[in-house]
Visitor: 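Submitted below is the structure of interest, expressed as structure tokens.
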Protein chains: 2
Amino acid sequence: MESSSAIDRLSALAQPGRLAVFRLLVRADPEGIPAGEIAAALGLAPNTLSSQLAILVQAGLLSSAREGRVIRYAVRPDALSELIVYLMEDCCGGRPEICQPVQEAAARAACCPPSRTRACRPLSA
Amino acid sequence: MESSSAIDRLSALAQPGRLAVFRLLVRADPEGIPAGEIAAALGLAPNTLSSQLAILVQAGLLSSAREGRVIRYAVRPDALSELIVYLMEDCCGGRPEICQPVQEAAARAACCPPSRTRACRPLSA
DNA sequence: CCTGTATTTCGACAATCGTTGAAATATGGA
DNA sequence: TCCATATTTCAACGATTGTCGAAATACAGG
């Protein structure tokens with residue numbers, strides 16, 4: 001993941017309305033929600049929401065698909081993990097005190113251990 | 001982690017200079033780097049850097065400690081993992097397709113499996 | 001106490017951001 | 001075709017942000 005793209009994604013999420021939209025859509029993954037329902041759920045004006053959605057799509061965090069008269073928005077499943085991996089990129093390879101809590105939280109949250117715990121190897125390998 | 005604090009941290013990282021500072025300090029964890037050296041390493045004006053550092057500290061991402069004439073900045077190790085856990089919060093508990101890649105990346109990056117893979121339980125438990 | 005170094009604070013400025021109202025576009029149905 | 005609904009686009013605005021120069025503060029050493 002490029003640095004510019006990380007900035008775009010962080011900045012897209014760094015706004016109350018957009019973060020609320022993103023979290024709503026994460027909860028609605030993978031079906032997604034039409035724009036109008038998002039606006040109703042969060043109490044946002046349709047045109048305001050539209051620009052926020054455009055920013056999230058531009059950042060690669062959401063996908064959109066027209067379905068008849070509505071446009072349904074959904075999270076791009078890889079987007080968040082790409083961003084997180086980018087943020088973790090520098091702290092590892094011999095310095096696990098930052099990443100290990102994340103790993104454990106991810107294990108706890110994902111609610112299933114990884115298919116197979118892989119051998120210890122540095123990031124550069 | 002509160003939503004406002006997540007916004008503060010995302011917004012603190014969503015700026016090229018500050019993201020560069022943070023990543024530099026992650027690499028320098030846990031010793032940290034004096035403000036002047038950060039400015040030199042990244043080519044930033046001292047007063048500009050000072051305001052960026054203040055924003056990162058205010059967001060809880062960095063700590064600062066005076067050492068004689070210099071002020072040394074270092075990452076707060078929990079800050080990033082708290083933010084990441086917050087971002088993952090909604091997607092789990094039955095919906096692991098987003099968190100599992102993060103979990104695997106964290107395992108790869110932390111370069112050591114967790115001390116003990118814990119039993120599968122939902123986030124709400 | 002005085003000087004030099006390190007860092008922050010202040011005030012100003014251009015640039016960017018988020019919201020709003022009005023108008024435009026796209027779609028489905030009568 | 002005409003109409004109603006859903007969503008976007010546009011222009012404008014106040015608010016916030018990032019950077020700069022200059023001045024202020026904090027500290028160590030002589």
Side-chain angles (χ1 to χ4, degrees), chain A residues 3-25 28 31-76, chain B residues 3-25 28 31-76:
Chain A
S3 165
S4 65
S5 153
I7 294 282
D8 289 344
R9 291 187 186 178
L10 288 167
S11 144
L13 294 175
Q15 202 272 337
R18 290 193 297 264
L19 184 57
V21 168
F22 185 75
R23 287 166 66 84
L24 180 65
L25 288 175
E31 305 85 18
I33 307 181
E37 285 183 36
I38 300 175
L42 300 178
L44 298 173
N47 53 356
T48 299
L49 175 67
S50 183
S51 18
Q52 317 274 38
L53 287 171
I55 290 171
L56 288 162
V57 169
Q58 165 68 30
L61 289 165
L62 301 185
S63 62
S64 69
R66 181 175 280 277
E67 285 181 9
R69 239 181 305 202
V70 309
I71 300 184
R72 180 177 297 267
Y73 286 85
V75 294
R76 294 204 330 140
Chain B
S3 166
S4 65
S5 153
I7 295 282
D8 288 344
R9 292 187 186 177
L10 288 166
S11 145
L13 294 175
Q15 202 272 338
R18 289 194 297 263
L19 184 58
V21 168
F22 185 76
R23 288 166 65 84
L24 180 65
L25 287 175
E31 305 85 17
I33 307 181
E37 284 183 37
I38 300 175
L42 301 177
L44 299 173
N47 54 354
T48 299
L49 175 68
S50 183
S51 18
Q52 316 275 37
L53 287 172
I55 291 171
L56 288 163
V57 169
Q58 165 68 30
L61 290 164
L62 300 185
S63 62
S64 70
R66 182 175 280 275
E67 286 182 7
R69 238 180 308 200
V70 309
I71 300 184
R72 179 177 298 267
Y73 286 86
V75 294
R76 293 206 330 141

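Proteins come first, then strands; the chains are lettered A, B, ... in the order of their sequence lines, and each starts at number 1. Small disclaimer: the values here were computed from a predicted structure and weren't measured.
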Visitor: What is the distance from CG of A/Leu49 to P of D/dT8, rounded to the nearest Å?
Guide: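 The distance from CG of A/Leu49 to P of D/dT8 comes to 7 Å, rounded to the nearest Å.
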
Visitor: Would you mind reporting whether A/Leu25 and A/Ile38 have side-chain heavy atoms less than 4.5 Å apart?
Guide: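 Yes, side chains in contact.
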
Visitor: For B/Gly36 and for A/Glu67, locate the closest nucleotide of DNA chain C by heavy-atom distance; then report the residue assigned to the nucleotide nearer the 5' terminus.
Guide: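 Closer to the 5' end of DNA chain C: B/Gly36.
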
Visitor: Rounded to whole angstrom units, what separation is found between the CG atom of A/Asn47 and the P atom of D/dC10?
Guide: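 Distance, rounded to whole Å: 13 Å.
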
Visitor: Rounded to the nearest Å, what distance is computed from the CD atom of residue A/Gln58 to the P atom of nucleotide D/dT9?
Guide: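 Atom-to-atom, A/Gln58 to D/dT9, this comes out as 12 Å.
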
Visitor: For A/Ser51 and for B/Gln52, locate the closest nucleotide of DNA chain D by heavy-atom distance; then report the residue assigned to the nucleotide nearer the 5' terminus.
Guide: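 Going by which nucleotide is closer to the 5' end, it is A/Ser51.
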
Visitor: Of the non-hydrogen atoms in B/Ile55 and B/Arg18, which two are nearest, and what is the gap between them?
Guide: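 Residues B/Ile55 and B/Arg18, closest heavy atoms: CD1-NH1, 3.4 Å.
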
Visitor: Write down the distance between CD1 (A/Ile7) and C1' (D/dT17), rounded to a whole number of angstrom.
Guide: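 Checked: the CD1 to C1' distance equals 14 Å.
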
Visitor: Expressed in angstrom and rounded to an integer, what is the separation of A/Leu62 atom CG from D/dT8 atom P?
Guide: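 My rounded result for the distance is 11 Å.
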
Visitor: As a test of reading the structure: which of D/dT8, D/dG29, D/dG21 is closest to the side chain of B/Arg69, going by heavy atoms?
Guide: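 From the listed options, D/dG29 comes nearest.
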
Visitor: With a non-hydrogen cut-off below 4.0 angstrom, is B/Arg72 in contact with a base, only sugar-phosphate, or nothing?
Guide: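 Answer is nothing: B/Arg72 stays at 4.0 Å or more from every strand.
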
Visitor: What's the shortest heavy-atom distance between A/Leu62 and A/Arg76, and which atoms?
Guide: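 Heavy-atom minimum between the residues: C-CG, 3.6 Å.
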
Visitor: Looking at every non-hydrogen atom in both residues, tell me the closest pair between A/Leu19 and B/Ala6 and how far apart they are.
Guide: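 Heavy atoms of A/Leu19 and B/Ala6 come nearest at CD2-CB, 4.5 Å.
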
Visitor: Specify the separation, in whole Å, of atom CD1 of A/Ile71 and atom C1' of D/dT5.
Guide: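 Answer to the nearest Å: 13 Å.
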
Visitor: Rounded to the nearest 0.5 Å, what's the gap from CG on B/Leu53 to CD on B/Gln58? Could you check?
Guide: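 B/Leu53 atom CG to B/Gln58 atom CD measures 13.5 Å (nearest 0.5 Å).
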
Visitor: Between B/Leu13 and A/Leu10, which heavy-atom pair has the shortest distance, and what is it?
Guide: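 Scanning both residues completely, I find the closest heavy atoms to be O-CD1, 3.5 Å.
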
Visitor: Which residue lies toward the 5' end of DNA chain C, A/Ser11 or A/Thr48, if each is placed at its nearest nucleotide?
Guide: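 On the 5' side of the pair lies A/Ser11.
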
Visitor: Contact boundaries of DNA chain C with chain A (under 4.0 Å, heavy atoms), 5' to 3'?
Guide: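 The contacted stretch runs from C/dG18 to C/dG28.
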
Visitor: For B/Arg72, check salt bridge (Lys or Arg N to Asp or Glu O under 4.0 Å) against everything at least two apart and list the hits.
Guide: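 Residues passing salt bridge (Lys or Arg N to Asp or Glu O under 4.0 Å) with B/Arg72: B/Glu67.
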
